[in-house]
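For reference, the structure is listed below as structure tokens.
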Amino acid sequence: MTRLFGTNGIRGVVGEEMTPDLAHRVGRAAGLLWRGQPVAVGNDTRTSGPMLKAAVIAGLTAAGCQVSDLGGSPSPGVQLYVKEHDVVGGVIVTASHNPPEFNGLKVLDAEGMELPRTTEEEIERLYFENAFEAPSWNTVGDVYRVKGANRRYRDAILEQVDREAIRKRAFRVVLDCANGASSFTSPYVLRALGCRVLTLNAQPDGTFPGHPPEPRPEHLEEMIALVGETGADLGAAHDGDADRVVFADEEGGYVYGDRSLALVAGHVVAKAGGGTVVTPVSSSSCVEDTVRAAGGQVTYTPVGAPLVARKMFETQATFGGEENGGLIFPQHQYTRDGALGLAVMLEILASGKETLSTRLQKLPMYHLVKGRLPCPPGSRGEVMDALARHVAGRKVDRTDGLKVFYEAGWVLVRPSGTEAIIRVFSEGKTPQDAQRLYDEVMGTLEEIKASL
Ligand code: MG
């Protein structure tokens, strides 16, 4: 059986993999699993969103589900609605940061979290069997258009931070919504926090006329320039479905996600008086150093936001996140939340007089080298086994692939879940250390591959 779900739900190019037929059948399968109970749906700003959502709703109502349609909303807004209401699950029509031709489906459990793999497999089984019974006139579900989900989401964000402390500072913030779902929420959150807000690309538009909806430095040149030109305290940008947030400091420097993750993790742990932070094994040691200094500890997971969230839920962790700007605040909900990440960053700035760049300079500094080795899926197992034998005697972590620790840093070697490659990340205290470790392990991997 082929898989339908990847590491972050179902994704594909509209009209190719991602069709109304697929969306309808996923809706039918999920609706069967949910036994016709109430569910919620929402979508980001993509042009294909209404079409695919209508197909999902047709499938869900055919299975007897009562559907609350929240309309356009950030993913964490839909997730919060599901968590707070008497619904058994939900579907978000979104392709997050992917280009405009993509769309996707995130399927949620009653907590608003993405489904565990076992439930995804049940949906995949029903989907591929494709043996759905024709719906009957007296068993189909209704559809309700719910208003106010975004308003409630905005209020929920404000409840999580020290609103007065932030308001007093009247921060000037440049915010880039990427024409995505944060356009509905984040500008209003910032205004409610007393900020002077300069927005960019804050009108919902699924053609993404401003820039592609992935918050990479090269897409954010306008935002970064505007921070400098206006003397802003902070620049911020969301991805298309607003579950992530990245920052620029007051000097117009792009803040890499591992730095903002470490800063926020340290703040949350210090505020809580300790606790556990959950993050993937690929995260910078900067995170663990900062968390330990604040009196907390770190638990590692395989790479993938749903795995981090699930681990946090199971262990009642204090905070979690990824180096791509995905930050999870469990007292709010067990999902990444871009708007809350932004509000907490303002709370951090409000907690002292130092600027963001000064605060970031105080974090431990590490350097990362990333690369990849082409490797057919058939020989990955052998390559990884041979590498494990080669590094026998060293400290290793097998949470995801093989993470090998050296005096000067670590190297993580991970077969990709979707491509015929093995990913190699190395981290060191200096750029030279990181490069040397990378070259050493990559050399070993190439020798192993050549000997097969
Ligand atoms: Mg996203």
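Atoms within a ligand are numbered from 1 in the order they appear, just like the ligands themselves.
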> Atom OG in Ser96, atom CG in Asp243: separation rounded to 0.5 Å?
Replying inline: 5.0 Å
> Out of curiosity, Arg25 CZ to Asp21 CG, how far, rounded to the nearest 0.5 Å?
Replying inline: 5.5 Å
> For His211 and Asp176, does a side-chain donor sit closer than 3.5 Å to a side-chain acceptor?
Replying inline: yes
>> Between Glu114 and Arg310, does any NZ, NE, NH1 or NH2 come within less than 4.0 Å of an OD or OE carboxylate oxygen?
In response: no
> Would Lys106 count as a cation-pi partner of Phe5, with NZ or CZ less than 6.0 Å from the six-membered ring centre and within 45° of the ring normal?
Replying inline: no
>> Between Thr315 (side chain only) and Lys311 (backbone N and O only), is there a donor and an acceptor less than 3.5 Å apart?
In response: yes
> Do you know how many protein N, O or S atoms are within a distance smaller than 2.8 Å of the Mg ion (ligand 1)?
Replying inline: 4
